[in-house]
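Only one structure is covered here, and it is reproduced in the block below.
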Amino acid sequence: MTILLGRRVRRWWRGKGHGVHSPFAFRFIRCVLRENGAYYASSELARMDNSEWLGVLFRLVCEFEPDEVISTGLTAGERCAVEMADSRTVIAYSGERDRIVMKCRGLSVTVVRDVLSSRSRWEDMKSGMRCGMTFTNGRVGIVVPRADLPRQDFEINF
């Protein structure tokens with residue numbers, strides 16, 4: 001119980017940006033994952049089921065501006081969020097069902113929708129990285145494998 005409470009407090013604390021020393025990670029947490037300002041599509045996303053997750057996906061697409069988004073099981077809401085963020089993004093259907101891969105100028109950002117059910121694959125992804133950062137809230141995981149970033153994992157609320 002004490003360990004779980006400690007993780008929750010640490011996740012809340014880091015979710016505010018406290019204790020995050022990387023400029024990329026701080027800005028990513030504060031301006032992408034935890035952003036609560038209004039975007040041009042916020043009102044339309046708020047009317048959809050699972051609007052909180054769709055808002056995060058929308059902001060991820062706005063942040064990374066992918067040329068292509070690859071996934072097998074995009075829901076209608078997820079597809080709409082990607083298209084609202086950038087209508088030029090090509091949506092391809094292949095790959096693993098629980099993942100969304102954003103192909104951006106020499107970078108592949110991976111979003112794992114359900115970290116809980118694929119915990120071993122999530123841990124394998126993290127252990128296979130030599131550089132870059134991961135962000136998770138315990139349900140959704142995001143892998144940013146940029147070569148210029150130090151290897152770090154963040155558990156935060158978003």
- R113 and G73 have their tightest heavy-atom pair at NH2-O, 3.2 Å

- Note on the structure: For I100 and S71, the nearest pair of non-hydrogen atoms, with its separation, is CG1-OG, 4.0 Å

- Item | Between S118 and R99: side-chain donor-acceptor atoms closer than 3.5 Å | no

- With sequence neighbours excluded, tell me which residues meet side chain to side chain donor-acceptor pair (under 3.5 Å) with W53. E78

- Check the hydrophobic clustering (I, L, V, M, F, W, Y; side-chain heavy atoms under 4.5 Å; chains of links allowed) and say if V144 and V101 are grouped together. no

- Item | Gap separating the CD1 atom of I142 from the CG atom of L57, nearest 0.5 angstrom | 9.0 Å

- Answer whether the closest heavy-atom distance between the side chains of E83 and V61 falls below 4.5 Å. no

- Partner residues of F64 under the ring-ring contact (aromatic ring centres under 6.0 Å, His included) criterion, sequence neighbours left out: F28

- What pair of heavy atoms forms the shortest contact from P150 to M133, and how long is it? O-CG, 3.7 Å

- Query: Using a side-chain heavy atom cutoff under 4.5 Å and only I, L, V, M, F, W and Y, what cluster partners does W122 have?
  - Reply: V112, V115, M125, M129, V143

- Item | Side-chain heavy atoms of F158 within contact of V140, under 4.5 Å | yes

- Task: Name all residues meeting the side chain to side chain donor-acceptor pair (under 3.5 Å) criterion together with T89; count only those two or more places apart in sequence or in a different chain, and write none if there are none.
- Result: none

- Message: Using every non-hydrogen atom in the two residues, find where M48 and G77 come nearest and quote the distance to one decimal.
- Response: SD-CA, 4.2 Å

- Just how far is it from atom OG1 of T136 to atom CD1 of I156, taken to the nearest 0.5 Å? 8.5 Å

- Query: Under a 4.5 Å side-chain heavy-atom rule over Ile, Leu, Val, Met, Phe, Trp and Tyr, are I70 and L74 clustered together?
  - Reply: no

- Message: According to side chain to side chain donor-acceptor pair (under 3.5 Å), who are the partners of S108, at least two apart in sequence or on a separate chain?
- Response: K103

- Message: Tell me the closest heavy-atom pair linking C131 and A147, and the distance in Å.
- Response: SG-CA, 3.5 Å

- Query: Which residues, ordered by chain and number, are linked to V90 in its hydrophobic cluster, where ILVMFWY side chains connect at heavy-atom gaps below 4.5 Å, directly or through other members?
  - Reply: none

- Message: According to salt bridge (Lys or Arg N to Asp or Glu O under 4.0 Å), who are the partners of R88, at least two apart in sequence or on a separate chain?
- Response: D86

- For T134, enumerate each residue passing the side chain to side chain donor-acceptor pair (under 3.5 Å) test, keeping only those at least two apart in sequence or located in another chain. D153

- Message: Could you check whether any side-chain heavy atom of V109 comes within less than 4.5 Å of a side-chain heavy atom of L60, counting everything from C-beta outward?
- Response: no

- Provide the full list of side chain to side chain donor-acceptor pair (under 3.5 Å) pairs with a residue in residues 37-46, sequence neighbours left out, each pair given once. none

- Item | Residue pairs, two or more places apart or on separate chains, that pass salt bridge (Lys or Arg N to Asp or Glu O under 4.0 Å) and touch residues 49-75 | R27-E63, E65-R105

- Does L107 belong to the same Ile/Leu/Val/Met/Phe/Trp/Tyr cluster as L33, with side-chain heavy atoms less than 4.5 Å apart forming each link? yes

- Can you name the closest pair of heavy atoms from A81 and F58 and give their distance? O-CD1, 3.5 Å

- Item | Reported CZ-to-CG distance for the pair R121 and D114, which is rounded to 0.5 angstrom | 10.0 Å

- Query: Does anything in residues 124-147 pair up under salt bridge (Lys or Arg N to Asp or Glu O under 4.0 Å), and if so which pairs, sequence neighbours excluded?
  - Reply: E123-K126, R146-D148

